[in-house]
Amino acid sequence: MRRRSLFALPILALPAVARAQARLPVVASFSILGDMVSKVGGDRIALRVIAGPDADAHGFQPRPSDAAALRDAALVVRNGLGFDGWMDRLVRSAGYRGPVATATEGLTPRMMEAHHHGHAHDHGGAARRQQHSVGPRMVPDPHAWQDLRHGQHYVRAIAAALSAADAAGEAAYRRNAEAFLARLATLDAWVRAEIGRVPEARRRVVTSHDAFGYFGAAYGIAFLSPQGVSTEAEPSAAQVARLIRQMKAENITAVFMENMANPATLRRVAAEAGVTVGGRLFADALSPPSGPAPDYEAMFRHNVGLLVPAMRGGAA
C-alpha cells in the first residue's frame, strides 16, 4: 500500500516566493497556530505572531506595527472558519499581495449554534446580516485544533504552504513536520488513555465559553458552557439557571475557567451549584513561555491533567 504523501491535502495553491533573506518571513494570526508554524518552520523562518500568548483572538484589534509586519512577509498563515476574520481585514489594509494559507482548508468543520444575541466570529456579510434574526443559526466551529487529529491536518497544511513559499527548504519542512506529526500521534494516544480512566457517566465539564466542541467530540466528553461560542457573548439568566440545575442533577464537579474568558459568570454558576472552579484551561491562546501551556503539546498535557482528576471527583 502506497504511503500517502505528506502534502496530499487540499489547501490553497501557493506560488513560490523568491527571497534573498536567510530566513523566510512568516506571519501567523494567533499563538497556537504560531507555535505549529514555528515547529514546522524551524530555523528557516522568521516568525511574527499577531495575537500572542493570552491574547483574545476572537475580538483582536491589530496595531499599525502588525500591518508593517505583513508588508514584509513572504507567507501569512491563518486559522480560517471565521476565527481570525480580522486577519483578512489586516491583509487588505496592509496591501499584502503574497500567499495566504488557511490551516483548516479541507477540513469538514463541526457546526454549532450561534444565538442571535451575540457572536464574535466573522463569518462574512451574509452571516452578519442574520445576526438579528429570530432563533439560532448554525455556524462552523473554528476551534478545530482542539482535536489532535485535526492538529495533524494543520501541520500538513503548514508544511505544504512553507514548501510552496520556500522550495529550497522543502526537505527541512518535511522532516520537521514528520517529527511533529509523530509526537502529536503519541500525544493523542495518551489523551485517550487518560480520559479512558474516567467513567463515561462522569465525563461532563463546565467551561467559560464553548471552545472545546472538537475536544469533546474526539475524546468523549460533554462540555457545557454558560457563555456560548464567543468570549464576548453574555448568557441570559435563563441559560445560567438551566446550567446550574443540570450541574446539580448530574453531579458535575469539573468546572474550569479559560484563559480568554471573563470569569464572573462561571464563578457565579459554580457557587450556586456548590462546586469549586478547578483552575484554568487554555483554549484559544497559549500561556506566556513561563506559564503551564507555552506550546500546543504542553497545552493538551496541562488541560488533560486538570480535566481527568476533576471529572473523577478528585479520585486518584
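Here the structure is a predicted model, which is why all the values come from computation and not from measurement.
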>> Is the shortest side-chain heavy-atom distance between I50 and L70 below 4.5 Å?
In response: yes
>> Taking L33's backbone N and O only, do any of them form a donor-acceptor pair with R78's side chain (distance below 3.5 Å, no angle check)?
In response: no
>> Distance check, rounded to the nearest 0.5 Å: E194 atom CD versus N303 atom CG?
In response: 13.0 Å
> Once the angle between the rings of F60 and W86 is folded into 0 to 90°, is it parallel (under 30°), tilted (30 to 60°) or perpendicular (over 60°)?
Replying inline: tilted
> Once you round to the nearest 0.5 Å, how far does CZ of F300 lie from CG of D147?
Replying inline: 7.0 Å
>> For the OG atom of S93 and the CG atom of D88, what is their distance to the nearest 0.5 Å?
In response: 11.0 Å
>> Rounded at 0.5 Å granularity, tell me how far CD in Q61 sits from CZ in R89.
In response: 7.5 Å
>> With a 3.5 Å distance limit and no angle check, can you tell me whether Y214 reaches the backbone of D141 through a side-chain donor-acceptor pair?
In response: yes
>> Taking V27's backbone N and O only, do any of them form a donor-acceptor pair with R48's side chain (distance below 3.5 Å, no angle check)?
In response: no
> Quick one: does L306's side chain get under 4.5 Å of H302's, heavy atoms only?
Replying inline: yes
> Are Y219 and V304 close enough that some pair of their side-chain heavy atoms sits under 4.5 Å apart?
Replying inline: no
>> Are the side chains of V76 and Y96 in contact, using a 4.5 Å heavy-atom criterion?
In response: yes
> What distance do N79 atom CG and M87 atom CE have between them, rounded to the nearest 0.5 Å?
Replying inline: 11.5 Å
> Is F282 close to D54 at the side-chain level, that is, under 4.5 Å between some pair of heavy atoms?
Replying inline: yes
>> Aromatic contact between F83 and F30, with the criterion being ring centroids under 6.0 Å apart: yes or no?
In response: yes
> Which pair of non-hydrogen atoms, one from V37 and one from A28, has the smallest distance, and what is that distance?
Replying inline: CG2-CB, 4.3 Å
> Where do L24 and A74 come nearest, in terms of heavy atoms and distance?
Replying inline: CD1-CB, 3.6 Å
> If you take all heavy atoms of A94 and A67, which pair is closest and at what distance?
Replying inline: CB-O, 3.6 Å
>> For the backbone of V198 and the side chain of R203, can you confirm whether one donor and one acceptor N or O come within less than 3.5 Å of each other?
In response: yes
>> Between D295 and K39, is there a side-chain heavy-atom distance shorter than 4.5 Å?
In response: yes
> Got a donor-acceptor contact below 3.5 angstrom from the W145 side chain to the A283 backbone?
Replying inline: yes
>> When you compare the side chain of R110 with that of P140, does any pair of heavy atoms fall below 4.5 Å?
In response: no
> Is it true that a side-chain atom of H150 and a backbone atom of H143 form a donor plus acceptor pair closer than 3.5 Å?
Replying inline: no
> In Å and rounded to the nearest 0.5 Å, what is the CE to CG distance from M299 to L281?
Replying inline: 10.0 Å
>> Using a 3.5 Å distance criterion without hydrogens, assess whether the side chain of S38 forms a donor-acceptor pair with backbone atoms of G34.
In response: no
> Do you know which two heavy atoms are closest between P142 and L81, and how far apart they sit?
Replying inline: CB-O, 3.5 Å
> With a 4.5 Å limit on heavy-atom distance, are the side chains of T207 and F215 in contact?
Replying inline: no
